[in-house]
Amino acid sequence: MARVGAACAVLAVAVLMCVLGAGADGSNHRYKEGDRVPLYANKVGPFHNPSETYRYYDLPFCAPEHPKDKKEALGEVLNGDRLVDAPYELNFKEDKSSKILCKKTLSKEQVAKLRDAVAKDYYFQMYYDDLPLWGFLGKLEKDKEQGNGKYLLFKHIHFDIMYNNDRVIEINVQTDPNVAVDITDDKEVPVEFSYSVTWKKTDIPFEKRMEKYSKSSSMPQHLEIHWFSIINSCVTVLLLTGFLATILMRVLKNDFIKYSHEDESLEDQEETGWKYIHGDVFRFPEQKSLFAAIVGSGSQLLALAIFIFLLAIVGVFYPYNRGALFTALVVIYALTSGIAGYTATSFYLQLEGTNWVRNLILTGCLFCGPLFLTFSFLNTVAIAYSATAALPFGTIIVIILIWALVTSPLLVLGGIAGKNSNTEFQAPCRTTKYPREIPQLPWYRSTIPQMAMAGFLPFSAIYIELYYIFASIWGHKIYTIYSILFIVFIILIIVTAFVTVALTYFQLAVEDHKWWWRSVLCGGSTGIFIFFYCIYYYHARSDMSGFMQTSFFFGYMTCVCYGFFLMLGTVGFRASLLFVRHIYRSIKCE
């Protein structure tokens, strides 16, 4: 335990150093009048397709003579950020009424490109002193009578900046539709781009300047919905789990009484119930290596989720801390691979497995393999689209090095530690030589109906919160109420464990002793429900479109749902194993 605690401490320090450093530009954010404040243009793209973003200068904007790319952290690159010097000069406390940025004549091809961007509601994103700002490129004015439209390109931008002493506090962007150029026709268009700046004093302290971006998710009406979601989930869960617990405890109590007095009339009784399969209930499952790999990978993903929640609750993932979440995911996943190696190998050897090296390789590839294949396909799509989601070759090399120098060695070390642990499987009953025949059971006791029943209750506890998470990841809303999300996550774990235990008991009660794989499938079935919710969200709750955005959404969400399947399947199995051991310890097994 001491070594585990030391490892956790090192993990926490390493992650905090990496995450807190993400997105910083090395500035102390203090300026004198006339000082240059860093302004970076990030990306442009369709408003409804958050994954389909392009470099700012892919469109024919005014550009500095020698624009320099900002050096970015790993998480920023994974997030699709590609920061480059912006052409605007917004010096500290210097007002500008109307400064010409550049004059240029747009060619027919450039006009067509900008017209297509306006039609798709393209927006631009910049960062000013690490504060995000957005604006639309233009707008489409539809003529209801004639049925066509006029494409307008905004050529003037107004920056409204607020400061407190020597610090920048807030920045807003305004575009004037009255100062726009018509790009409807295929012809060369002369354009004069300009901008203006207004500085205003404010009393908001520097430490609270990011609160503006989290207000939308903390507004009273949204908080009411979140708390209603939690109360609804808690009440539903308490009622249903209480109902199941009452039934389960009453039935178990009657079973214990029945089996404790069975010796007196053993010859007169017909062998029925869960006690009479005590010789088969601890018979090891088929596909031991795959089973142990699932338990190991699921344990690692559970540890990953807990560490991410801890960082979120202490405030690391504040709004627009660029790439912090992606950095944390990569670093923590790499550092927790030892958990997967140790758990999988030790459990595989408890199941009397012989080829623990092959099991370790399977554990390392079980989640990373599908994720790598998905990434390879989606990165190819992004390259074909010339999108910022396409990772540079250098970043891919860094990720491969992290996997080769951190993830794999820790996985092997965990596997060696698991091999040397020499722990035996704790079975209260001896397993018979030949398996008992399972009686014919009704259709609703088969695997798929049981999975449907097992996944519905946990999913019903989280589905309201899922909308806000999806709107944050696949939209432009901001999610900052991590404490509520953590409560929902705890509810999800508890309900998954309890429902799987209940279904395991009912399975054993009808003398079906193959509960090992069933507990994993039933526990992980919530991941399948989440995938069906993904399909519903894409078609009914979002305006995403296009091959790239669709492939990114379903590609990465399939990996997330698969991760949930592994994690919750492990939770379901662990809970069922504790329960089965407990009830068979409570009776006499001959």
Side-chain angles (χ1 to χ4, degrees), residues 22-23 40-61 63 67-86 109-110 112-127 132-138 153 320 322-327 329-330 371-400 470-477 534 537-538 542-560:
Y40 295 103
N42 188 11
K43 51 192 176 184
V44 294
F47 183 75
H48 299 294
N49 290 354
S51 299
E52 186 184 345
T53 54
Y54 306 94
R55 288 180 176 271
Y56 183 79
Y57 291 120
D58 283 352
L59 292 177
F61 294 128
K68 293 182 180 178
D69 290 332
K70 179 183 179 295
K71 189 176 180 181
E72 294 171 318
L74 174 63
E76 293 177 286
V77 178
L78 294 175
N79 194 39
D81 292 334
R82 302 292 185 270
L83 275 66
V84 63
D85 288 336
E109 292 77 13
Q110 291 175 330
K113 198 171 187 179
L114 287 169
R115 185 169 59 245
D116 181 63
V118 172
K120 293 179 179 178
D121 284 332
Y122 266 51
Y123 72 99
F124 64 83
Q125 185 189 47
M126 299 183 183
Y127 282 93
L133 56 137
W134 310 264
F136 284 97
L137 305 186
L153 175 68
Y320 301 105
R322 295 190 305 273
L325 178 59
F326 288 101
T327 304
L329 285 171
V330 171
L371 182 62
F372 176 75
L373 293 175
T374 303
F375 161 75
S376 299
F377 170 73
L378 296 180
N379 202 57
T380 304
V381 172
I383 292 172
Y385 274 73
S386 299
T388 60
L391 295 189
F393 181 73
T395 304
I396 297 175
I397 294 298
V398 169
I399 294 175
I400 292 174
F470 275 53
S472 173
I473 297 173
W474 301 106
H476 299 278
K477 294 184 182 295
C534 293
Y537 180 85
Y538 179 85
S542 77
D543 295 313
M544 291 183 280
S545 61
F547 177 74
M548 178 181 170
Q549 182 61 45
T550 303
S551 59
F552 264 70
F553 177 79
F554 283 107
Y556 282 125
M557 286 313 301
T558 299
C559 291
V560 170

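Computed from a predicted model, the values in this text were never measured in an experiment. Side chains included, hydrogens not; waters and symmetry mates left out as well; all remaining heavy atoms used.
Atom OH of Tyr40 sits about 6.0 Å away from atom CG of Asp85, to the nearest 0.5 Å. Atom OG of Ser51 sits about 9.5 Å away from atom CZ of Phe553, to the nearest 0.5 Å. Rounded to the nearest 0.5 Å, atoms OH (Tyr385) and CD (Gln549) are 10.5 Å apart. Rounding to the nearest 0.5 Å gives a distance of 4.0 Å between CZ of Phe375 and CG of Leu391. We find the OH-CG distance between Tyr556 and Leu378 to be 5.0 Å, quoted to the nearest 0.5 Å. Distance OG1/Thr380 to CD1/Ile383: 5.5 Å, rounded to 0.5 Å.
No close placement of the Tyr57 and Phe61 rings is indicated, their centers lying 6.0 Å or farther apart. Centroid-to-centroid, the aromatic rings of Phe47 and Phe136 come within less than 6.0 Å.
By the neighbour-count criterion of 12 heavy atoms within 6.0 Å, atom CZ of Phe372 is sparsely surrounded, having that number or fewer from other residues, nucleotides or ligands.
Heavy atoms only, all atoms of each residue included: Ala389 and Ala382 are closest at C-CB, 3.9 Å.
Two residues are said to be in side-chain contact when any heavy atoms from C-beta on lie closer than 4.5 Å; Phe124 and Leu137 meet this criterion. For the pair Met126 and Asn42, the minimum side-chain heavy-atom distance is 4.5 Å or more.
Listed by first then second residue, pairs satisfying salt bridge (Lys or Arg N to Asp or Glu O under 4.0 Å) with a partner in residues 42-54 read Lys43-Asp81, not counting sequence neighbours. Residue pairs meeting the side chain to side chain donor-acceptor pair (under 3.5 Å) criterion with at least one partner in residues 386-398, sequence neighbours excluded, are Thr53-Thr388.
Side chain of Arg55 to main chain of Ala387: no donor-acceptor pair is present (N/O by atom type, distance under 3.5 Å, no hydrogens or angles).
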